[in-house]
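This chain uses plain numbering: 1 for the first residue, then up along the sequence. Because the structure is predicted, anything quoted here is derived from the model rather than measured. Any value given below was found using the heavy atoms of this structure, including those in side chains, with hydrogens, waters and symmetry copies removed.
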Amino acid sequence: MRKRIVLGLHGFSSHSSTQMHDAGVCLMDENGVIAAIDEERLSRKKRDGNFPTLAYKAALSRGELSAGDITDVAFVDRRTPWQTYQVWKYAISAFIQTRVQPWGYLRFWTRKMLQFKRVPPQDVKAKKIRFYEHHLCHAASAYYPGPFSDATVVTLDGMGDFSVGGMVAKGTSGRLKVLRRSNGYFSPGHFYMILTEYLGFVPGKHEGKITGLAAYGNPQEAYHTMEKIIRYKEGKLDFVAPLVAKEFFSVIRNSPSKRTKQWYSQEQWEDAEPTHQIETRDEKSLIEFRKLWGGYSKEDIAAAGQARFEDVILAYIKDAVKLTGCSNLVVAGGCFANVKLNQKIRELPEISGLYVHPNMSDGGLATGAALLHLNYINENKVYEHKPWNHVYLGPEFSEHTIEEALISSGLKYTKSEEISKDAGDALVEGEVVAWFQGAMEYGPRALGHRSLLAAATDVDLPDRLNQKLGRTEFMPFAPIVLFEYAHEWFEDWSADHVSSRYMTVTYDVVPERRESIPAVVHVDGTARPQVLEKHINPLLHATLSHYYARTGIPLVVNTSFNMHEEPIVCSPFDAIRTFKNGAADVLIIGQYIVRN
């Protein structure tokens, strides 16, 4: 019998230039994941939303497969009739609750959706093609790779399938049962995008900057304004946010070609790159928010917005757990890219375990679609829960390819038989080390295969690194810490905190340790660690162990290997170019060492 190979696709259509965002692919067979790659890493366009042709080819290459081997295709997002029904259902619900007028929006999207047709890559001849709901894909991405066979599943983002803002489901022995959907026009994700746009950053791209900025403000100063914008409907697993809905409908109705791009389009993000901010806002936009926030500092607005975002979602999480009766929680969707929110969730007494999908935003959807389809194929088999223990699922390059790239670059290099020792010594000497090893990470975090490493003991390092990378100065750097010592440095950390492998949750740094690692402690006393286990990444574990033996400190800075506003490097050529642009003092790539 022919082996089933599933291609999960998040991208509009191979025959269309229509964009989404965070396009990507996932290849799976009946034994599990073969490859999971986002298009941005190959195209070098941050959060690229074009159809993921390059990622598709790279996934085939990693799996040593051809297009003819693919038997099944799983698309993210349902087909037009289902989407149209949901758009009208939730838009009219928003109107009934708030009297916000959605009619221009409904006319625009109904016309647009009639144009939607989606096809896989031309060389894929698979006859089995299915279309899966956006938030169900998020749910699957959180549940199946997570550590719990029985779990409460929660998803929240801006919007999926043009209408749904989130989902509550119950995962039980391989079955996902949808219990609730929330109205996307009131979504906390859109609230946070509006906050991001108002504060001068690029919505859909720079929300993490708002989380960092919030630590510098007083949340109480403007909190009452946030209460007027969004509230949680207690016990109903939904939100009400009239001003958010009004702004969203206005985005589409008044100037769809401009402001829709500001919220969702790769084209808008590219236009914003030279200044790292959006174009001058149309004075007709954000009118109600200007009235509410006009008298407050950016820091206080960010702090109040972050606090309100946390409060409404924490209430939602509590009700979700109450509904399912299960205290193990798995989450996905763009809202859970917010690491401070995730810390608050982890600290809830109602939660006994938390897993955040490592590629929590829409970059993880292709994986969710493939997982759903794989479960559909295997529905008559006895279910075996198979948690992931790493996400090194992207392209990998041979030593020969690496050396060819170095020769082509003209850089002088040496070959080392003791890479871990040499890297550890460079860190002790205060050098910034560009670290390129093995298969590329899946998801938005550098997790020790495409990383910049540096000593966390230097109080001036953040300024030095920010200058090298062109980063915004208030954003904190994150640490990577040896598993064996994490409990000594981070309060309430436990060995069963699987999400700490992936830098998706912040922790309070032990107070008496903070002064010794100033480069990774944010102004609020927290850090976002990656906890490193030897069996997952032995080479980097050996490097940190050597550094620890010399310094007594089991952690260093780990930030992504890229210049600001670029995707994380993928290939040796990307790594060498970024190194030449001044990202690091030392490049350690495979067995080779290059110094500036």
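- Relative to the ring axis of Phe131, Arg118 does not place its NZ or CZ within 45° and under 6.0 Å from the centre.
- Under the 6.0 Å cut-off for aromatic ring centres, Tyr143 and His385 qualify, their centroids lying closer than that.
- A donor-acceptor contact shorter than 3.5 Å is absent between the side chain of Gln437 and the backbone of Gly448.
- Counting only heavy atoms from C-beta outward, the side chains of Asn328 and Asp150 never approach each other to under 4.5 Å.
- Note that CG of Asp574 is 15.0 Å distant from CZ of Phe579, once rounded to the nearest 0.5 Å.
- Every residue meeting the salt bridge (Lys or Arg N to Asp or Glu O under 4.0 Å) condition with Asp29, not counting sequence neighbours, appears here in chain and number order: Lys3.
- Between Pro479 and Met503 the shortest heavy-atom distance is O-CE, 3.6 Å.
- A salt bridge is absent between Lys415 and Glu403; no separation between the charged side-chain nitrogens and carboxylate oxygens falls under 4.0 Å.
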- Begin from the C-alpha positions of Leu372 and Leu176 and carry the test side-chain contact (heavy atoms from CB on, under 4.5 Å) through to its verdict. CA-CA 9 Å; Leu372 283 170; Leu176 276 172; 4.2 Å; yes
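- Proximity of a side-chain donor or acceptor of Ser187 to a complementary backbone N or O of Gly158 within less than 3.5 Å is detected.
- The aromatic rings of Phe436 and Phe397 are tilted relative to each other, their planes meeting at an angle between 30° and 60°.
- When ring centroids are compared, His357 and Tyr442 come within the 6.0 Å threshold.
- Distance alone, capped at 3.5 Å, places no donor-acceptor pair between the Ser149 side chain and the Ser173 backbone.
- The two residues Leu156 and Gly166 make their nearest non-hydrogen contact at CD2-CA, 4.0 Å.
- When all heavy atoms of Val433 and Ala426 are compared, the closest pair comes out as CG2-CB, 3.8 Å.
- A distance of 7.5 Å separates CG in Leu354 from CZ in Phe148, rounded to the nearest 0.5 Å.
- Of the residues Lys45, Glu39, Glu40, Arg450, the one that meets the side chain to side chain contact (heavy atoms under 4.5 Å, CB included) test with Pro567 is Glu40.
- Within 6.0 Å of CZ on Arg79 lie no more than 12 heavy atoms contributed by other residues, nucleotides or ligands.
- Side-chain contact between Leu452 and Leu469 is present, with heavy atoms from C-beta onward closer than 4.5 Å.
- Shown are Lys46, Arg41, Arg471, Arg577; of these, the salt bridge (charged side-chain N to carboxylate O under 4.0 Å, His left out) with Glu566 is made only by Arg577.
- Heavy atoms of other residues, nucleotides or ligands lying less than 6.0 angstrom from OH of Tyr376 number 12 at most.
- Of the residues listed (Val6, Leu60, Leu65), the one engaging Ile70 in a side chain to side chain contact (heavy atoms under 4.5 Å, CB included) is Leu60, and it is the only one.
- If you check the side chains of His10 and Asp77, you find no donor sitting under 3.5 Å from an acceptor.
- Between Lys468 and Asp585 the shortest heavy-atom distance is NZ-OD1, 3.4 Å.
- Nearest heavy atom pair, residue Asp72 against residue Ala126, reads N-CB, 3.8 Å.
- When the options Leu341, Val498, Thr504 are evaluated for a side chain to side chain contact (heavy atoms under 4.5 Å, CB included) with Val356, the one that passes is Thr504.
- Within a 6.0 Å sphere centred on CD of Glu64, other residues, nucleotides and ligands contribute 12 heavy atoms or fewer.
- The CG atom of Leu371 sits 10.5 Å away from the OH atom of Tyr132 when rounded to the nearest 0.5 Å.
- The two residues Val330 and Ala142 have their closest heavy-atom pair at CB-O, 3.6 Å.
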- Message: Assess the residue pair Asp362 and His21 against the criterion (side-chain contact (heavy atoms from CB on, under 4.5 Å)); give the C-alpha distance rounded to whole Å, side-chain angles, the decisive distance to 0.1 Å, and a yes or no.
- Response: CA-CA 7 Å; Asp362 282 5; His21 60 90; 3.2 Å; yes
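- In this structure, Trp493 and His497 have perpendicular ring planes: the angle between them is above 60°, well past the 30° mark.
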- Please test Arg181 against Glu133 for salt bridge (charged side-chain N to carboxylate O under 4.0 Å, His left out), starting from the C-alpha separation and ending with a verdict. CA-CA 11 Å; Arg181 293 176 178 87; Glu133 182 182 350; 2.8 Å; yes
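- The closest side-chain heavy-atom distance from Pro52 to Leu9 is below 4.5 Å.
- The shortest distance between side-chain heavy atoms of Leu427 and Leu453 falls below 4.5 Å.
- Ring planes of His449 and Tyr392: parallel class, angle under 30° (limits at 30 and 60°).
- Taking CD1 of Ile588 as the reference point, atom CD1 of Ile593 lies at 5.0 Å (rounded to 0.5 Å).
- Looking at Thr196, its side chain never comes within 3.5 Å of a backbone N or O of Val202 through a donor-acceptor pair.
- Ser43 and Asp48 are linked by a side-chain donor-acceptor pair at a separation below 3.5 angstrom, with hydrogens and angles left out of the test.
- In this structure, the side chains of Thr53 and Lys57 come closer than 4.5 Å at one or more pairs of heavy atoms.
- In this structure, the side chain of Gln122 does not engage the main chain of Pro120 through any donor-acceptor pair within 3.5 Å.
- Ser66 and Asp69 share a side-chain donor-acceptor pair at under 3.5 Å.
- To the nearest 0.5 angstrom, Leu539 atom CG is 12.0 Å from Lys534 atom NZ.
- The CG atom of Asp22 sits 10.0 Å away from the CE atom of Met20 when rounded to the nearest 0.5 Å.
- Residues His541 and His535 have side chains not in contact (no heavy-atom distance under 4.5 Å, counting atoms from C-beta outward).
- No hydrogens or angles considered: a donor-acceptor pair under 3.5 Å links the side chains of Asp157 and His134.
- In terms of modelled atom types and a separation under 3.5 Å, the side chain of Ser500 and the main chain of Val531 share no donor-acceptor contact.
- For His400 and Ser398, the side-chain atoms include no donor-acceptor pair closer than 3.5 Å.
- The local environment of NZ in Lys580 is crowded, with over 12 non-hydrogen atoms from other residues, nucleotides or ligands closer than 6.0 Å.
- For the residue pair Asp161/His135, the side-chain donor-acceptor check at 3.5 Å is not satisfied.
- Annotation: side chain of Val391 is not in contact with side chain of Asn359 (no heavy-atom distance under 4.5 Å).
- Side-chain atoms of Ser451 and Asn558 include a donor-acceptor pair closer than 3.5 Å.
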- Message: Checking Val154 against Leu329 for the side-chain contact (heavy atoms from CB on, under 4.5 Å) test, could you report, in this order, the C-alpha distance in whole Å, the side-chain angles of both residues, the deciding distance, and whether it holds?
- Response: CA-CA 7 Å; Val154 172; Leu329 176 69; 3.7 Å; yes
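- Taking the six-membered ring where tryptophan is involved, the planes of Phe51 and Phe75 are tilted, since the angle between them lies from 30° to 60°.
- Put simply, the side chain of Met28 reaches to within 4.5 Å of the side chain of Thr367, judged on heavy atoms.
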